[in-house]
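For reference, the structure discussed in these notes is given below.
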Amino acid sequence: MKKSAFALTRRAAAVALLAAPFLLAHAADFPSKPIKFIVPYSPGGTTDLVARTVGQKVSEKLGQPVLIDNRGGAGGNIGMDAVAKAAPDGYTIGFGAISTNALNPHIYKSMAFDPRKDFTAISLLGMSTIVLEVPASSAIRTVPDLIAAAKKNPGLPYATAGTGTSMNLAGVMFAQMTGTELTHVAYKGSGPAITDMLGNTIGVMFDNLPASLPHIQAGKLRALAVAGGTRSPSLPDVPTMAEAGLKGYALEPWFGVYGPAKVPAPIVKALNEAFVEALAMPDVKAKLQQAGFSPRGSTAQELSTLTDTEYKRLGDVARKAGMTAD
């Protein structure tokens, strides 16, 4: 068995050495075909909106289609695993997040990839706002109302877009800081969870604001608070968690573009420039900000550093909270 494993390792190394000159030789022609942009969540959520809005501009900049490929499941792990296993030629990239690239490795019992080794950072995409909400018909109108209801009904369920997401973390933090017991109900994306909220199948949700904002504005959902350190410009009358009584509560999810490990530097540069330029376009900024997302590009190194820093920070948070997922 040892000899066989050694032979496989040598063979893989040989393939990598042979592939490197090929990739570098074709970097100057990049891109010469469509780029697949894997979004590891179901359609209808924040990531889908941002990917499609920014992807269209990147397509125009690079002269090739950017094809959005939604692959939801396992808190984003399924989609990002597909990115990690793709050829490092720039034609498969992924929409990583604070959850997939920093939190999930600490809470899932089994991970098919290591976010510190299996990806090439390309650019930050920006930050989102998490909103705590209830159906408009709910008797719960404020954060103190929710705390009282949770204490009266231990195990009160709350919905999120999935296990291991930043929304899941927001719920865990809320329960810890309020001394309540909540039951997490994980959906495969914001869309299905919002559908159940609108149908009063479930009564509380932590969601990324862009997905829920239209329903809040239409008066179908009631926002109780936002999880960031400051109020959202999209919901100026909605307090932060800290303002609602949970001092010290602050969580701001971030998102970024990643490729598989060992994408050649010229290709990373081309992708980075296209995404940074797209995120800075006035019409893109206006559309995403209106939806509750704060677009922001970065250098590849800045995203890499953020990933490493958040990986360590959220590892401590997850262990303290006892967060686990199958």
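Because only heavy atoms are used, hydrogens play no part in the values below, and waters and symmetry mates are left out as well, while side chains stay in.
Here Lys312 does not pair with Asp316 in a salt bridge; the nearest charged N to carboxylate O distance is not below 4.0 Å.
A side-chain donor-acceptor contact under 3.5 Å links Thr120 to the backbone of Lys262. Checked by atom type and distance alone, the side chain of Thr100 never pairs as donor or acceptor with a backbone atom of Gly75 at under 3.5 Å. Remark: side-chain polar atoms of Ser190 are not paired, donor with acceptor, to backbone N or O of Ala161 under 3.5 angstrom. Put simply, the side chain of Thr307 gets close to the backbone of Leu303: a donor and an acceptor are under 3.5 Å apart. Panel note: side chain Ser128, backbone Pro253; no donor-acceptor pair is recorded below 3.5 Å. Remark: the backbone N or O of Thr305 is paired with a side-chain donor or acceptor of Thr309 at under 3.5 angstrom. Remark: side-chain polar atoms of Arg222 are paired, donor with acceptor, to backbone N or O of Ser138 under 3.5 angstrom. Panel note: side chain Asn272, backbone Lys269; no donor-acceptor pair is recorded below 3.5 Å.
For residues 190-218, the set of pairs meeting the salt bridge (charged side-chain N to carboxylate O under 4.0 Å, His left out) definition, not counting sequence neighbours, is empty.
The neighbour count for Glu60 CD, taken as heavy atoms of other residues, nucleotides or ligands under 6.0 Å away, is above 12. When the shell of 6.0 Å around CZ of Arg313 is examined, it contains more than 12 heavy atoms from other residues, nucleotides or ligands.
Leu288 and Leu213 are members of different hydrophobic clusters when ILVMFWY side chains are connected at heavy-atom separations under 4.5 Å. Under a hydrophobic-cluster definition in which Ile, Leu, Val, Met, Phe, Trp and Tyr are linked whenever side-chain heavy atoms come within less than 4.5 Å, directly or via other members, Met281 and Val276 are assigned to different clusters. No path of Ile, Leu, Val, Met, Phe, Trp and Tyr side chains, each step under 4.5 Å between heavy atoms, connects Val134 with Val226, placing them in separate hydrophobic clusters. Both Val54 and Leu271 are assigned to one and the same hydrophobic cluster, defined by single-linkage of ILVMFWY side chains at heavy-atom distances under 4.5 Å. Residues Met205 and Leu221 share a hydrophobic cluster, clusters being chains of Ile/Leu/Val/Met/Phe/Trp/Tyr side chains in contact below 4.5 Å.
The minimum heavy-atom distance linking Ile216 with Ala223 is given by the pair CD1-CB, 4.0 Å. Among all heavy-atom pairs drawn from Glu133 and Met197, the shortest one is O-CE, 3.6 Å. The minimum heavy-atom distance linking Ala84 with Pro260 is given by the pair O-CB, 4.0 Å. The shortest heavy-atom contact between Leu124 and Ser298 is N-OG, 2.9 Å. Nearest heavy atom pair, residue Asp81 against residue Lys85, reads OD1-NZ, 2.6 Å.
Lys151 contributes atom NZ, which lies 13.5 Å from atom CG of Leu156 (distance to the nearest 0.5 angstrom). Here Gln217 contributes atom CD and Gln290 contributes atom CD; the two are 7.5 Å apart, rounded to the nearest 0.5 Å. To the nearest 0.5 angstrom, Phe293 atom CZ is 8.5 Å from Asn208 atom CG. Rounded to the nearest 0.5 Å, atoms CD1 (Ile130) and OG (Ser232) are 12.5 Å apart. The line from CZ of Phe174 to CG of Leu182 is 6.5 Å long, rounded to the nearest 0.5 Å. Of the inter-residue distances, the one linking Gln64 atom CD with Tyr91 atom OH reads 7.0 Å to the nearest 0.5 angstrom.
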Steps toward side chain to side chain contact (heavy atoms under 4.5 Å, CB included) verdict (Ile98, Leu103):
CA-CA 6 Å; Ile98 184 176; Leu103 177 62; 5.5 Å; no
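Taking the six-membered ring for Trp and the full ring otherwise, the centers of Phe95 and Tyr41 sit at least 6.0 Å from each other. A centroid separation of 6.0 Å or more is found between the aromatic rings of Tyr258 and Phe113.
Remark: Tyr311 pairs with His106 by the ring-ring contact (aromatic ring centres under 6.0 Å, His included) rule, at least two apart or across chains.
The residue from Tyr187, Tyr249, Tyr158 that alone fulfils the ring pair (Phe, Tyr, Trp, His ring centres under 6.0 Å) condition with Phe206 is Tyr158.
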